[in-house]
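Note that the structure is a prediction, hence the values are computed from the model and not measured.
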Amino acid sequence: MEDKTEGCTKRGVDIIIPVYKPGPGFKNILERLLRQTVQASHIYLLQTIDNGSSLMEDLAEGIVSVHPVLKKEFDHGATRRFGAGLSDAEFMLFMTQDAIPKDNKLIEKLLVPMADKNIAVSYARQMAGKDADILEKMTRIYNYPKESSVKSENDLDKLGIKTYFCSDVCAMYRKSVYEELGGFVKKTIFNEDMIMASKVINAGYNIAYCPDAKVIHSHSYTCIQQFKRNFDLGVSQKQYSEIFGNVSSEKEGAGYAGKIIKSLIKRGEVFKAFYFVLQCVFKLAGYKAGLHYDKLPEKLILKFTMNKGYWD
């Protein structure tokens, strides 16, 4: 997996998607991306390969190409960095394999804020699927509201860690700024998008949230899965304490939880409110454990993490 982040000539928008054993709906996502009002110059699929798997050569057609990544070499930062090195576009749109474009204007809408040269990243609104649980729907509404916003270093005192909030589920990067700031980190268990966003903000550039750019993306995690996901989040923040150590984090989480609980009670969803509180307990416990991972035995770390391969 060779790093090729230097020396690009600029053109259009490239889409970069890490892929691992995608479901049957992935072809539908590709078809939607190919029908956008602003056509991508190229779609790079970074397919993680493990024992017995083969490249999805049937998807490599036209502007779509498939590039292997050995499972032992996969990393949330390094793999996306590899994909960025393949691109010579002015803008790079990073997505995940389960993010479904809501309409054919996703690329068009993400490009709108990029008219401002100080905007380095624009990210899309994530909407819960029709079958998503009410907790997931409310979480999406809270984290991805209808109102657009632009975040800068001036927001750090007010927003805390939310200033760095940005999701590579669907986020567009200006390649020149990406290269200027050194690109994605090469080693991280999780959170490569917020680490990159912190570089953007602290360098004086801005991040735009574009609610008119929409993808359908949601998960219904169990309490144990929430624990593991937040354990990895804590690990990431511990390993990059120079970034996250000086910004408020738990206060923002408490504010979010309070709003969700009040809304659920008003709706008469008392049981859901109780279950949400339980989820929050698991999230906080996982996060706190992750912040102290370096004091835990390896066996416990492997039980707590969602990304066992990271620790090999």
Side-chain angles (χ1 to χ4, degrees), residues 3-17 33 36-44 63 77 80-95 99 101 103-126 143-185 191-215 240 243 247:
D3 185 3
K4 302 178 180 178
T5 56
E6 299 298 329
C8 65
T9 56
K10 307 300 183 186
R11 59 170 178 81
V13 178
D14 284 344
I15 301 174
I16 301 166
I17 310 175
L33 290 173
Q36 293 290 302
T37 54
V38 174
Q39 184 71 67
S41 299
H42 206 97
I43 299 176
Y44 296 100
I63 66 171
R80 287 176 173 84
R81 186 182 179 95
F82 165 62
L86 297 172
S87 172
D88 61 0
E90 183 177 4
F91 301 104
M92 303 179 297
L93 174 55
F94 285 88
M95 297 181 66
D103 54 36
N104 65 350
K105 295 186 177 181
L106 178 65
I107 298 176
E108 176 185 331
K109 295 299 184 181
L110 285 171
L111 281 170
V112 170
M114 292 298 191
D116 180 349
K117 297 295 184 182
N118 206 47
I119 300 288
V121 186
S122 61
Y123 67 100
R125 181 183 181 191
Q126 295 181 34
N143 285 329
Y144 301 94
K146 294 180 180 179
E147 299 77 25
S148 63
S149 62
V150 174
K151 295 180 289 188
S152 72
E153 58 185 344
N154 295 327
D155 294 306
L156 284 168
D157 288 340
K158 179 178 67 175
L159 298 178
I161 201 168
K162 291 286 285 186
T163 311
Y164 300 152
F165 182 74
C166 173
S167 176
D168 279 345
V169 165
C170 187
M172 180 178 287
Y173 292 78
R174 190 184 300 275
K175 183 71 180 287
S176 59
V177 177
Y178 170 89
E179 290 185 332
E180 174 191 332
L181 301 179
F184 290 115
V185 293
N191 224 21
E192 85 294 331
D193 37 23
M194 288 184 68
I195 295 170
M196 188 67 211
S198 72
K199 293 183 183 181
V200 168
I201 292 292
N202 292 326
Y205 293 101
N206 297 342
I207 295 173
Y209 166 58
C210 307
D212 290 337
K214 304 169 186 174
V215 292
Y240 292 91
I243 295 172
V247 291

Check whether any side-chain heavy atom of [X] lies under 4.5 Å from a side-chain heavy atom of [Y], and answer yes or no.
X	Y	answer
K109	D103	no
K162	N143	yes
M95	L33	yes
L110	V38	no
R81	Y178	yes
N191	Y240	no
M172	Y123	no
T163	N154	no

Could you pull out the closest heavy-atom pair between [X] and [Y], with the gap in Å?
X	Y	value
G77	F184	O-CB, 3.6 Å
M114	A120	CE-O, 3.7 Å
Y44	S87	CE1-CA, 4.1 Å
P101	A99	CD-O, 3.5 Å

Return the CD1 to CD1 distance between I43 and I15, rounded to the nearest 0.5 Å.
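So the CD1 of I43 and the CD1 of I15 are separated by 4.5 Å.
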
CD1 of I161 to CD1 of I243: how many Å apart, nearest 0.5 Å?
10.0 Å

Under 3.5 Å, side chain of [X] to main-chain N/O of [Y], donor-acceptor pair present?
X	Y	result
K151	F165	yes
D116	P113	no
E108	T37	no
R125	S148	no

Go through the steps for L86 and I16 under the test side-chain contact (heavy atoms from CB on, under 4.5 Å), then give the verdict.
CA-CA 9 Å; L86 297 172; I16 301 166; over 6 Å; no

Among E192, R80, M196, find the one that has a side chain to side chain contact (heavy atoms under 4.5 Å, CB included) with F94.
R80

Would you please test L106 and C170 for side-chain contact (heavy atoms from CB on, under 4.5 Å) and show each step?
CA-CA 9 Å; L106 178 65; C170 187; 3.9 Å; yes

Contacts table for residues 202-209: side-chain donor-acceptor under 3.5 angstrom, sequence neighbours left out:
from : atom 1 : to   : atom 2 : distance (Å)
N202 : OD1    : Y164 : OH     : 3.3
N202 : ND2    : Y164 : OH     : 3.3
N202 : ND2    : S198 : O      : 3.0
Y205 : OH     : E180 : OE1    : 2.7
Y205 : OH     : E180 : OE2    : 3.1
Y209 : OH     : Y144 : O      : 3.3
Y209 : OH     : P145 : O      : 2.6

Output all residues satisfying side chain to side chain donor-acceptor pair (under 3.5 Å) with E153, sequence neighbours left out; order by chain, then residue number.
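Checked E153 against side chain to side chain donor-acceptor pair (under 3.5 Å); zero matches.
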
Contacts of type salt bridge (charged side-chain N to carboxylate O under 4.0 Å, His left out), residue D193, not counting sequence neighbours
none

Show, in sequence, the C-alpha distance, side-chain angles and deciding distance for D14 and K175, and conclude whether the side-chain contact (heavy atoms from CB on, under 4.5 Å) test is met.
CA-CA 10 Å; D14 284 344; K175 183 71 180 287; over 6 Å; no

